[in-house]
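In what follows, a single structure is set out as structure tokens and then discussed.
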Amino acid sequence: MDYNDVELKKSEICQFEDNLGAFAKRNFAKGEIVIKWNLSILSEEEFKKLSQYEQLNFCHRRNGSIYYYPDPERHVNRSKNPNLIPDFEKEANIAICDIKKGEELSISDETQEDF
């Protein structure tokens with residue numbers, strides 16, 4: 001799957017059943033937006049229609065809203081050595097270091113997305 005500057009392919013650090021991760025299709029500089037989020041806000045009814053797997057893995061509750069993460073956002077895996085940080089104000093994943101083309105994109109495994 002192709003999403004402009006990011007692609008999905010098999011991952012060694014994947015946390016999901018499909019074994020996919022998001023990878024850089026070009027170099028990114030520290031501080032650059034790598035993935036601009038395209039999240040949907042779901043009603044409680046829409047949320048309940050999703051499979052339990054999607055509810056648990058691809059939805060986050062934040063400030064009273066339920067956010068649904070589509071591709072490629074949902075496939076930014078977690079790592080002890082992340083190269084991205086989620087910026088909730090900019091609604092994007094930001095490079096915390098220079099990222100080379102082909103590198104897997106990841107956020108800290110300690111990131112809290114529900115609040």
Steps toward salt bridge (charged side-chain N to carboxylate O under 4.0 Å, His left out) verdict (Arg74, Glu54): CA-CA 10 Å; Arg74 68 168 54 187; Glu54 284 203 299; 3.2 Å; yes
Between Asn63 and Ser65, does a side-chain contact (heavy atoms from CB on, under 4.5 Å) hold up when you go through it step by step? CA-CA 6 Å; Asn63 299 324; Ser65 295; 5.8 Å; no
Lys80 vs Asp109, test: salt bridge (charged side-chain N to carboxylate O under 4.0 Å, His left out). Steps then yes/no. CA-CA 6 Å; Lys80 292 194 183 307; Asp109 56 4; 3.3 Å; yes
Determine whether Arg26 and Glu32 satisfy the following criterion, salt bridge (charged side-chain N to carboxylate O under 4.0 Å, His left out), listing intermediate values before the conclusion. CA-CA 12 Å; Arg26 67 172 180 84; Glu32 190 174 354; 2.6 Å; yes
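A heavy-atom distance below 4.5 Å is found between the side chains of Leu39 and Pro70. No side-chain heavy atom of Val6 sits under 4.5 Å from any side-chain heavy atom of Val76. For the pair Ile66 and Glu44, the minimum side-chain heavy-atom distance is below 4.5 Å. The shortest distance between side-chain heavy atoms of Ile35 and Leu105 falls below 4.5 Å. By the 4.5 Å heavy-atom criterion applied to side chains, Phe47 and Gln55 are counted as neighbours. Here the side chains of Pro86 and Asn93 are in contact, with some heavy-atom distance below 4.5 Å. Contact of the Val34 side chain with the Ile94 side chain is not registered, since no non-hydrogen atoms from C-beta on lie closer than 4.5 Å. Looking at Phe28 and Ile33, their side chains never come closer than 4.5 Å, going by heavy atoms from C-beta outward.
Ser108 and Pro82 get closest at one heavy-atom pair: N-CB, 3.3 Å. The two residues Leu8 and Ala22 come nearest to each other via the heavy atoms CD2-CA, 3.8 Å. Counting all heavy atoms, side chain and backbone alike, Glu104 lies closest to Gly21 at OE2-CA, 3.6 Å.
Counting non-hydrogen atoms of other residues, nucleotides and ligands closer than 6.0 Å to CG of Asn38 gives a total of 12 or fewer. Within 6.0 Å of NZ in Lys36 there are more than 12 heavy atoms belonging to other residues, nucleotides or ligands.
Distance SG/Cys97 to CD/Glu103: 6.5 Å, rounded to 0.5 Å. Taking CD1 from Ile13 and OG from Ser106, the interatomic distance works out to 4.5 Å, rounded to the nearest 0.5 Å. Rounding to the nearest 0.5 Å gives a distance of 12.0 Å between CG of Leu50 and NZ of Lys48. In this structure, Lys9 NZ and Phe23 CZ are separated by 5.5 Å, a value rounded to the nearest 0.5 Å. The OG atom of Ser11 lies 4.5 Å from the CG atom of Asn77; values are rounded to the nearest 0.5 Å. Distance check: Thr111 OG1 to Ile85 CD1 gives 7.0 Å after rounding to the nearest 0.5 Å.
Of the possible donor and acceptor atoms, none in the side chain of Tyr68 sits under 3.5 Å from a partner among the backbone N and O of Glu46. In this structure a side-chain-to-backbone donor-acceptor pair under 3.5 Å is missing from Glu91 to Phe88. At least one donor-acceptor pair closer than 3.5 Å links the side chain of Gln15 to the backbone N or O of Arg78. Remark: the backbone N or O of Ala92 is not paired with any side-chain donor or acceptor of Asp87 at under 3.5 angstrom. The backbone N or O of Asn4 lies less than 3.5 Å from a partner atom in the side chain of Lys25, making a donor-acceptor pair.
In this pair, Tyr69 and Trp37 present their aromatic rings tilted. The plane angle is within the 30 to 60° band. The aromatic rings of Phe16 and His75 lie perpendicular to each other, with more than 60° between the two planes, well past the 30° mark.
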